[in-house]
There are 2 protein chains.
Amino acid sequence: MPRQVDHASRRRLIAEAVCHLADERGLEGVTLRDVAARAQVSVGAVQRCFRTKEEMLVFALGHISERISERVRARLVRSPAQSAATALGHAAAEISLLREAHRAEARVWLAFAAQAAVSKALAKTLKANYAAVQEAFTRLISEAGEGTDRAVSLDPQREARTVLALADGLTTHVLIGHLTPREAHDVLHAHLAGLWEQPAQPSHSREDRAG
Amino acid sequence: MPRQVDHASRRRLIAEAVCHLADERGLEGVTLRDVAARAQVSVGAVQRCFRTKEEMLVFALGHISERISERVRARLVRSPAQSAATALGHAAAEISLLREAHRAEARVWLAFAAQAAVSKALAKTLKANYAAVQEAFTRLISEAGEGTDRAVSLDPQREARTVLALADGLTTHVLIGHLTPREAHDVLHAHLAGLWEQPAQPSHSREDRAG
DNA sequence: CACGTACCAATTCGACCGTATCGGAACCGT
DNA sequence: ACGGTTCCGATACGGTCGAATTGGTACGTG
């Protein structure tokens with residue numbers, strides 16, 4: 001056998017380069033040449049790892065998705081002793097990428113999300129990730145709801161979707177500059193607090209329908 | 001005076017073309033040639049209206065932003081007699097672009113939002129729009145809070161930010177395909193309903209704090 | 001009726017894109 | 001030592017990009 005190369009690790013290296021460029025210039029600024037230069041490999045090497053540019057992008061999206069959700073998972077298993085409510089708070093803060101250190105990942109996520117709206121391959125990868133996170137959130141909310149008297153457990157899945165969408169919306173608003181990270185953090189935790197802290201009130205005095 | 005042309009209306013025409021293309025292929029697929037072809041004008045005409053491509057994009061973003069927020073505003077003044085809560089529901093549904101008819105606008109918004117994360121000029125335009133909508137939402141929540149016994153009025157601005165971020169997050173998730181429009185609509189209205197329907201808890205101290 | 005001017009379509013330009021190809025270097029079993 | 005196989009960097013190609021230039025046309029003015 002001739003000289004062998006670790007394809008897997010090289011693909012990861014290239015994926016990192018893609019993410020760096022997507023962070024700095026948006027996904028439009030990701031070209032094969034720049035990726036190769038950033039990854040310190042030749043263009044030919046990039047093309048040998050990925051047949052087309054799209055294949056490279058899909059892999060890069062999977063790469064960063066896995067990294068983010070892995071961090072969320074780590075956060076969850078690290079605090080199993082704590083209440084599910086606390087765990088959810090940590091996980092939500094993690095997924096919203098509010099920390100300055102993860103601002104780059106947030107920009108990459110937004111760039112990919114926008115592209116996924118018009119690219120089926122990217123959308124598939126992204127959807128799979130969201131489905132997993134939503135399921136985890138749903139389970140957490142379910143567990144947390146059992147311990148309290150609040151009837152939040154009415155629909156844990158819906159609450160999970162709410163938290164997930166809120167987190168992503170906040171991420172977007174921080175990236176745009178409409179909110180500061182602190183403000184976003186405040187909004188997120190206020191929402192989460194509202195889930196458990198309000199005690200149950202068996203009788204609704206009056207219904208105010210909004211629709 | 002030589003042959004005159006209505007610059008303003010032509011710029012709007014071109015902006016429409018930009019939005020159409022951004023909807024179909026994402027913002028990367030927006031080129032001067034395609035824009036010109038879609039707007040039924042020559043490339044030169046586009047270049048006379050906008051000195052650079054970025055100037056064209058900024059104008060297009062302002063164009064669609066104004067259109068969306070104008071629709072929200074129209075929705076608000078159309079139902080002044082109804083409760084502020086109802087009005088907020090309508091406005092939030094409008095801003096989240098969940099209706100199938102506005103799916104294209106949603107894709108355009110997402111494309112611009114992603115680009116705004118790395119483009120200062122776009123971010124400025126987008127921020128101005130968000131500031132206006134957030135202010136309107138804050139006022140609505142304030143008014144709605146006065147009529148109820150619920151102490152939601154603790155921080156109308158924060159609630160406005162929550163609704164706005166939630167709406168955007170839901171829009172994104174629908175575009176990606178993680179949620180159906182119906183599910184997103186459900187989440188949004190459940191959240192809004194939660195703002196007013198939960199009765200106050202008299203025994204609680206006035207401060208609701210949760211890390 | 002000329003004339004200048006504002007407008008427009010077409011062309012050109014240099015740069016860069018993604019992709020394909022190729023000669024040589026590196027490596028291994030024999 | 002050597003031939004075969006795999007990897008690598010460089011280069012060429014067809015195409016498209018944004019931007020600038022040019023020649024022609026329609027129009028209001030003098």
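So that the names make sense, note that chain A is the first sequence line, chain B the second, and so on, each numbered from 1.
- Nearest-nucleotide positions on DNA chain C for Thr52(A) and Ser42(B) put Ser42(B) closer to the 5' end.
- One can place CZ of Phe50(B) at 16 Å from P of dA20(D), the figure rounded to the nearest angstrom.
- Using a 4.0 Å cut-off between charged nitrogen and carboxylate oxygen, Asp186(B) and Arg161(A) do not count as a salt-bridge pair.
- Separating the NZ atom of Lys53(A) from the C1' atom of dA20(C) is a distance of 17 Å, rounded to the nearest angstrom.
- The existence of a salt bridge linking Glu105(A) and Arg67(A) is confirmed by a sub-4.0 Å separation between a basic side-chain nitrogen and an acidic carboxylate oxygen.
- In the set dC17(C), dT19(C), dG18(D), the nucleotide with an atom closest to the side chain of Asp34(A) is dC17(C).
- Distances shorter than 4.0 Å separate some side-chain N or O of Arg48(A) from OP1 or OP2 on dC8(D).
- Among the atoms of the strands shown, none is found under 4.0 Å from any heavy atom of Val46(B).
- For Leu27(B) and dG18(D), the CG to P distance is 11 Å, given to the nearest whole Å.
- Spacing between atom CD of Gln40(A) and atom P of dG9(D) amounts to 11 Å, rounded to whole angstrom units.
- The pair Glu183(B)-Arg158(A) does not count as a salt bridge, with every side-chain nitrogen at least 4.0 angstrom from each carboxylate oxygen.
- At a threshold of 4.0 angstrom between heavy atoms, the contacts of Leu32(A) include nucleobase atoms, whether or not backbone atoms are also involved.
- Heavy atoms of Val35(B) sit nowhere under 4.0 angstrom from any nucleic acid atom.
- When rounded to the nearest whole Å, the span between CG of Leu57(A) and C1' of dT19(C) equals 15 Å.
- For Arg10(A), counting side-chain heavy atoms from C-beta on, the closest listed nucleotide (dG18(D), dC17(D), dC8(D)) is dC8(D).
- By the 4.0 Å N-to-carboxylate-O rule, Glu16(B) lies too far from Arg11(B) to be salt-bridged with it.
- Between Phe59(A) and Phe50(A), the angle of the ring planes lies from 30° to 60°, which puts this pair in the tilted group.
- To the nearest angstrom, C1' of dA20(D) lies 14 Å from CZ of Arg51(B).
- Between Glu55(B) atom CD and dA19(D) atom C1' the separation is 13 Å, expressed in whole Å.
- The separation between Gln47(A) atom CD and dC17(C) atom P is 13 Å, rounded to whole Å.
- Comparing atom distances between the Thr31(A) side chain and each of dG18(C), dC7(D), dG18(D) picks out dG18(C) as nearest.
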